[in-house]
Amino acid sequence: MTEALARMLAGELPQWLPGQRWFAGKDRPVSAARAVRLVTLLAGEPRLEHALVEVVQDDRKSVYQMLLGSRETPPEHLSGVWVDADGRQWYEATADPELMAFLLDAIAAGQNAGPVSFHRESDVKLTEGLRGRAVTTEQSNTSLIYGKQYILKLFRRLATGPNPDLQIHRALHSVGCEHIAQPLGWIADDEGASPTLGMLQEFLSDAADGWAMATTSVRDLMAEADLHADEVGGDFAGEAHRLGAAVATVHADLARALGSRPVEPGEIEATVNAMHRRLDAVLEAVPSLAPQEKALREAFEEARGADGGVPIQHVHGDLHLGQVLRTVNGWVLIDFEGEPSAPVSERSAPRSPLRDVAGMLRSFDYAAHQLLVGQPEDHQLEVRAREWTSRNRSAFCDGYAEVSPNGDPREHEVLLRALELDKAVYEVFYEHANRPDWIQIPLASIARIAS
Ligand SMILES: Nc1ncnc2c1ncn2[C@@H]1O[C@H](COP(=O)(O)OP(=O)(O)O)[C@@H](O)[C@H]1O
Ligand SMILES: O=P(O)(O)O[C@H]1O[C@H](CO)[C@@H](O[C@H]2O[C@H](CO)[C@@H](O)[C@H](O)[C@H]2O)[C@H](O)[C@H]1O
């Protein structure tokens, strides 16, 4: 039976994968995809299979996690169903809330299915029997929400080594960090190279995401032709200030939980060299970045001689407004996975916390400019976007500086600017691969920052 499923997947997946939001390889054609391991989680009717799928693109191989469901009568709302050689109907099971109940129950029970094992944190008790509804927001992975209580993230592209999202959440929880959602359990692969398959957390049902809040504030400002950013009802600066303080607190908690150390000799040089290497790779894929190459390289080189910045420690790694949730008790940071395309060894390595500051500063710029994408050029709107960005960037840094033992991030201006530009170069590639309509946002920022 699993042979028929494996054959069917090899035929269907090369066309199907590029249409999935979580598929990270949209920039290159898929030449082959096959299930390298199938584990039966639920036998009989309905049926649930866990699949590790190897995807080949040019000379690159990646492994993705999939769940496959099968029922005699598949749920009506499914967008597609595949039929195997035995006549059995299969579909992507994260779209089947009843089947997804199995995962939460298995975590609650600490169950095993061959090499796939389910774990609950020792200090929690879980409610069983809840259906798991897939989140519909833009995501690199797939998250399932159980009632109003839990959220289970299934990691899609599996990197070698333990997933930093789970490790960092557990470390922060161990020191009582108040700015994260409590980790509750995980799904592990006991034999593969990627030991983390999923992470269960407290679901913050009352939370608003930072990106939605910030872009609403920008829209308010754009609609009020005669008012400045500090005069409109939806001013975000108070929130940006609190967010800066929350990020500084998380950095301090991370240093407490996992340690920190001074910048070592040669470390800034290595960082600058990595910036150049990233630029080389992105220029190859996106030639329209070429006019900015000289200015970018100069900004990176300036950082080579800059002061070492602040102590090195574990950080978030891909901090932006979509990674922060505002709850009634304050801001919460989510998704400590780092940049999805970087190797895990790089993502898990201690780095400068200024990277996170730079990521968030970039995000204010993104929030202000995304409304202008595809619009005819309008000088007034551009001025307003810049006003909003500058007000909120300052408020964020003020909040950060008030709490951080490392002081004000703006004191390391040259390094911070280089880190921001490096992040924007990353974003150029991210948009090229995922949302080509938005590539203008980082390209225009680079032209502004580097000029
Ligand atoms: N603990 C949580 N409580 C409420 N919503 C959450 C929680 N964690 C994540 N989310 C929601 O799920 C979305 C995706 O989560 P995220 O961890 O960023 O996934 P990905 O790694 O796939 O990008 C977030 O944008 C947020 O809206
Ligand atoms: O949230 P992920 O870990 O999947 O991060 C990736 O996707 C992000 C977009 O969803 C991307 O962020 C970029 O777009 C955001 C707006 O959608 C913006 O706030 C960020 O500043 C910008 O970098 C992120 O870079 C990417 O790694």
Side-chain angles (χ1 to χ4, degrees), residues 20-24 26 65 94 133-157 159 163-166 168-169 173 179-184 196 198-215 218 243 316-327 329 331-342 347 355-371 373 389 392-393 396 419-420 422-435 437-442 445-446:
Q20 306 313 304
R21 172 64 181 91
W22 48 261
F23 182 63
K26 297 194 188 72
Q65 169 178 213
T94 56
R133 194 168 35 85
V135 169
T136 51
T137 50
E138 294 257 303
Q139 258 202 286
S140 307
N141 297 292
T142 298
S143 292
L144 302 160
I145 297 171
Y146 292 89
K148 283 190 158 191
Q149 285 135 288
Y150 314 124
I151 182 163
L152 172 64
K153 172 147 73 169
L154 298 170
F155 298 107
R156 287 300 195 164
R157 187 167 57 174
N163 191 295
D165 204 6
L166 177 64
I168 298 256
H169 268 103
H173 182 58
H179 296 283
I180 54 162
Q182 187 186 351
L184 302 171
T196 324
M199 176 177 70
L200 185 73
Q201 274 185 293
E202 158 198 20
F203 178 59
L204 303 164
S205 60
D206 68 347
D209 95 74
W211 175 255
M213 288 174 70
T215 47
V218 174
L243 180 57
H316 181 283
D318 190 19
L319 194 60
H320 58 81
L321 285 160
Q323 309 281 40
V324 291
L325 301 176
R326 178 69 162 99
T327 71
N329 299 317
W331 285 100
V332 163
L333 275 57
I334 58 170
D335 197 5
F336 288 78
E337 245 200 303
E339 288 170 359
S341 54
R347 293 196 254 143
R355 274 190 188 274
D356 285 349
V357 174
M360 195 53 90
L361 296 182
R362 287 287 314 121
S363 206
F364 287 120
D365 189 82
Y366 246 83
H369 285 91
Q370 52 85 37
L371 269 185
V373 171
T389 311
N392 287 288
R393 284 163 61 105
F396 177 83
L419 288 169
E420 251 201 84
D422 178 54
K423 186 73 189 180
V425 167
Y426 163 81
E427 289 165 348
V428 167
F429 186 77
Y430 178 85
E431 301 302 356
H432 162 77
N434 293 283
R435 303 182 293 198
D437 292 353
W438 281 31
I439 198 167
Q440 222 26 58
I441 301 179
S445 309
I446 291 174

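Numbering of residues begins at 1 and proceeds along the displayed sequence. Counting starts at 1 for both ligands and their atoms, in listed order. Because the structure is a prediction, the values reported are computed rather than measured.
For ligand 1, the 4.0 Å heavy-atom shell contains residues T137, Q139, S140, N141, I151, K153, A181, E202, F203, L204, G322, Q323, L325, I334, D335, E337.
Under 4.0 angstrom from ligand 2, the non-hydrogen atoms of R435 all belong to its side chain. Heavy atoms of N434 found under 4.0 angstrom from ligand 2: none, in either backbone or side chain.
The nearest protein atom to atom 5 (O) of ligand 2, hydrogens excluded, is given as D318 OD2, 3.1 Å; this is a heavy-atom distance. The closest protein non-hydrogen atom to atom 19 (O) of ligand 2 is S363 OG, 2.7 Å. Of the protein's non-hydrogen atoms, H320 CB, 3.6 Å is the one closest to atom 20 (C) of ligand 2. Annotation: atom 4 (O) of ligand 2 to nearest protein heavy atom, S140 OG, 2.3 Å. The protein heavy atom nearest to atom 22 (C) of ligand 2 is E427 OE2, 3.5 Å.
Looking at N141 and E337, their side chains do bring a donor and an acceptor atom within 3.5 Å of each other. Between the side chains of D206 and T327, not a single donor N or O lies within less than 3.5 Å of an accepting N or O. Checking S140 against R156 by side-chain atom types alone, no donor-acceptor pair falls below 3.5 Å.
Listed by chain and residue number, E239 satisfy the salt bridge (Lys or Arg N to Asp or Glu O under 4.0 Å) test with R326 (two or more places apart in sequence, or in another chain). Residues meeting the salt bridge (Lys or Arg N to Asp or Glu O under 4.0 Å) test with R355, sequence neighbours left out: D422. By the salt bridge (Lys or Arg N to Asp or Glu O under 4.0 Å) test, R21 is found to be paired with E138, residues two or more places apart in sequence or in another chain being considered.
Using a 4.0 angstrom heavy-atom cutoff, Q370 does not count as in contact with ligand 2.
Atoms of ligand 2 lying under 4.0 Å from at least one heavy atom of Q323, given by number and element, are 1 (O), 2 (P), 3 (O).
Rounding to the nearest 0.5 Å places CD of Q201 at 13.5 Å from OH of Y150.
Ring centroid separation for the pair H320 and Y366 does not come in under the 6.0 Å cut-off.
Closest of all the heavy-atom pairs between L321 and S363 is N-OG, 2.9 Å.
Two residues are said to be in side-chain contact when any heavy atoms from C-beta on lie closer than 4.5 Å; S205 and Q149 fail this criterion.
At under 3.5 Å, a nitrogen or oxygen of D335, whether backbone or side chain, sits near a nitrogen or oxygen of ligand 2.
Partner of D335 under the side-chain hydrogen bond (donor to acceptor under 3.5 Å, both in side chains) criterion, chosen from H169, H316, K153, Q139: K153.
Across the listed options W438, Y430, Y426, Y426 owns the non-hydrogen atom lying nearest to atom 25 (O) of ligand 2.
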